[in-house]
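The residues of the chain are indexed from 1 along the displayed sequence. None of the values given here were measured: they were computed from a predicted structure. Indexing begins at 1, ligand by ligand and atom by atom, following the structure's order.
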Amino acid sequence: MREIQNSPIGVFDSGVGGLTVLRELYRQLPQESILYFADTARLPYGDRSGTEILQFVREILAWMTQQNVKMVIMACNTSSALALEAVRQEFDFPILGVILPGAKAAVKQGKRIGVISTPATAKSQAYRQAIQEINPDAQVWQVGCPKFVPLIEENRIWDVYTRQVAQEYLAPLLAHNIDTLVYGCTHYRHLEAVIKTIVPPTVKLIDPASYVVQAATKELELMGLSKTSCPLPTRFAVSGCSRTFSQLSRQWLGYCPSVESVSLPISLTPTFAWEQVEVLE
Ligand code: DGL
């Protein structure tokens with residue numbers, strides 16, 4: 001048992017979005033060792049089909065199994081929406097997604113809930129289902145935001161264009177008078193400074209990252225898997241360019257991490273994409 005308690009928690013995303021979850025892990029579970037994987041060769045996930053996402057997630061989890069993780073946090077809403085249920089029973093460690101913790105937090109805050117997410121997550125309706133299962137009276141509006149992830153990964157957070165795009169995506173939600181806004185993609189918390197200049201301060205902002213780590217803490221305790229000694233340094237691995245990831249991450253980590261390259265089977269062609277703002281009622 002001692003050995004497994006000392007194993008790392010695996011965290012994965014398509015790119016730097018999962019660093020928002022990593023930050024919460026550092027805050028809430030500072031004693032845990034973390035293995036962070038970013039599937040940068042195949043991002044963005046949000047334009048991919050369910051079949052592709054499921055395949056990618058299986059490959060990542062198989063690799064994480066080889067790395068002896070004790071738990072995996074899908075720091076990716078798209079994977080949580082499209083693959084979590086299917087893969088949960090296929091692996092021996094607990095796997096947590098971000099959607100249920102985010103939905104639970106949102107219903108505590110409001111009844112007119114806007115969700116910004118990747119097109120794939122919006123289309124899956126995963127947030128609407130999770131929110132309305134908890135509170136059938138809650139109203140949910142979801143907007144797919146295909147331009148956000150490329151802008152963040154290209155380090156264009158502070159471009160004037162990024163703010164224009166954010167205004168365009170948020171306008172239909174603000175027109176519905178939302179009282180709560182969920183970051184339905186882990187990348188979007190990186191845009192908080194921009195989003196806060198557009199959304200009125202009365203709208204509560206929900207970052208599921210904080211709540212998935214609360215859920216992970218409970219699960220580790222329940223399963224007797226909590227680590228009590230000092231953590232090892234976080235191990236970073238990517239499927240794409242390790243240098244690009246390291247340099248981009250610096251602004252959130254405060255240092256350029258050393259990043260391993262991992263090759264997973266690669267399929268680079270997205271099967272669908274949305275060009276326009278589409279509000280899913
Ligand atoms: N950050 C991920 C999410 O929460 C994936 C974004 C993407 O690659 O499109 O959905």
Side-chain angles (χ1 to χ4, degrees), residues 10-25 36-50 52-57 59-60 72-84 95-103 105-106 115-127 130 142-157 162 165 169 181-192 195 205-213 238-241 244-245 248-249 252 264 266-275 278 280:
V11 176
F12 77 87
D13 180 38
S14 61
V16 294
L19 297 179
T20 58
V21 174
L22 183 66
R23 186 163 55 194
E24 283 299 324
L25 280 162
Y36 186 97
F37 178 75
D39 197 2
T40 51
R42 303 189 283 201
L43 71 78
Y45 273 17
D47 296 339
R48 300 265 187 184
S49 69
E52 283 177 303
I53 297 296
L54 186 54
Q55 183 200 324
F56 299 168
V57 168
E59 288 167 10
I60 294 165
V72 166
I73 300 179
M74 288 187 175
C76 171
N77 289 263
T78 312
S79 305
S80 306
L82 299 174
L84 179 60
I95 306 174
L96 277 69
V98 272
I99 290 184
L100 188 58
V115 182
I116 44 174
S117 71
T118 66
T121 301
K123 192 169 178 245
S124 77
Q125 303 279 351
Y127 268 104
Q142 303 158 97
V143 171
C145 311
K147 291 177 187 162
F148 274 164
V149 167
L151 285 167
I152 294 162
E153 293 285 337
E154 287 162 19
N155 204 9
R156 294 178 59 195
I157 293 170
T162 302
V165 167
Y169 289 149
L181 177 69
V182 180
Y183 297 129
C185 170
T186 50
H187 278 78
Y188 299 172
R189 176 72 193 264
H190 294 319
L191 292 174
E192 186 159 81
I195 289 171
L205 301 174
I206 301 291
D207 180 7
S210 156
Y211 304 99
V212 73
V213 176
V238 296
S239 57
C241 176
T244 305
F245 181 86
L248 182 63
S249 304
W252 300 294
L264 298 175
I266 306 274
S267 125
L268 286 168
T269 328
T271 52
F272 61 90
W274 281 267
E275 288 298 325
E278 189 183 22
L280 298 167

When you check the side-chain N and O atoms of [X] and [Y], is any donor under 3.5 Å from an acceptor?
X      : Y      : answer
Ser239 : Asp39  : yes
Glu192 : Tyr183 : yes
Thr118 : Thr121 : yes

Hey, are the side chains of Leu19 and Phe245 touching, using non-hydrogen atoms and a 4.5 Å cut-off?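 Of all side-chain heavy-atom pairs linking Phe245 with Leu19, at least one is under 4.5 Å.
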With a 4.0 Å cut-off, would you call Glu154 and Lys147 a salt bridge? no
Which ligand 1 atoms does Cys185 reach within 4.0 Å, using its non-hydrogen atoms?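 Counting from 1, the qualifying ligand atoms are 1 (N), 2 (C), 3 (C), 4 (O), 6 (C), 10 (O).
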Using a 4.0 Å cut-off to any heavy atom of Thr118, which atoms of ligand 1 qualify?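 This gives 6 (C), 9 (O), 10 (O) as the contact atoms.
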Take the angle between the ring planes of Trp252 and His190 and call it parallel below 30°, perpendicular above 60°, tilted in between.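 It falls in the parallel class, under 30°.
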Tell me: protein heavy atom nearest [atom], and distance?
atom                    : answer
atom 2 (C) of ligand 1  : Asp13 OD1, 3.0 Å
atom 3 (C) of ligand 1  : Asn77 N, 3.2 Å
atom 9 (O) of ligand 1  : Gly46 N, 2.8 Å
atom 10 (O) of ligand 1 : Thr78 OG1, 2.6 Å
atom 7 (C) of ligand 1  : Tyr45 N, 3.2 Å

Examine the proximity of ligand 1 to Ser14 and report which part, side chain or backbone, both or neither, has a heavy atom under 4.0 Å away.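 Looking at Ser14 and ligand 1, just side chain atoms fall under 4.0 Å.
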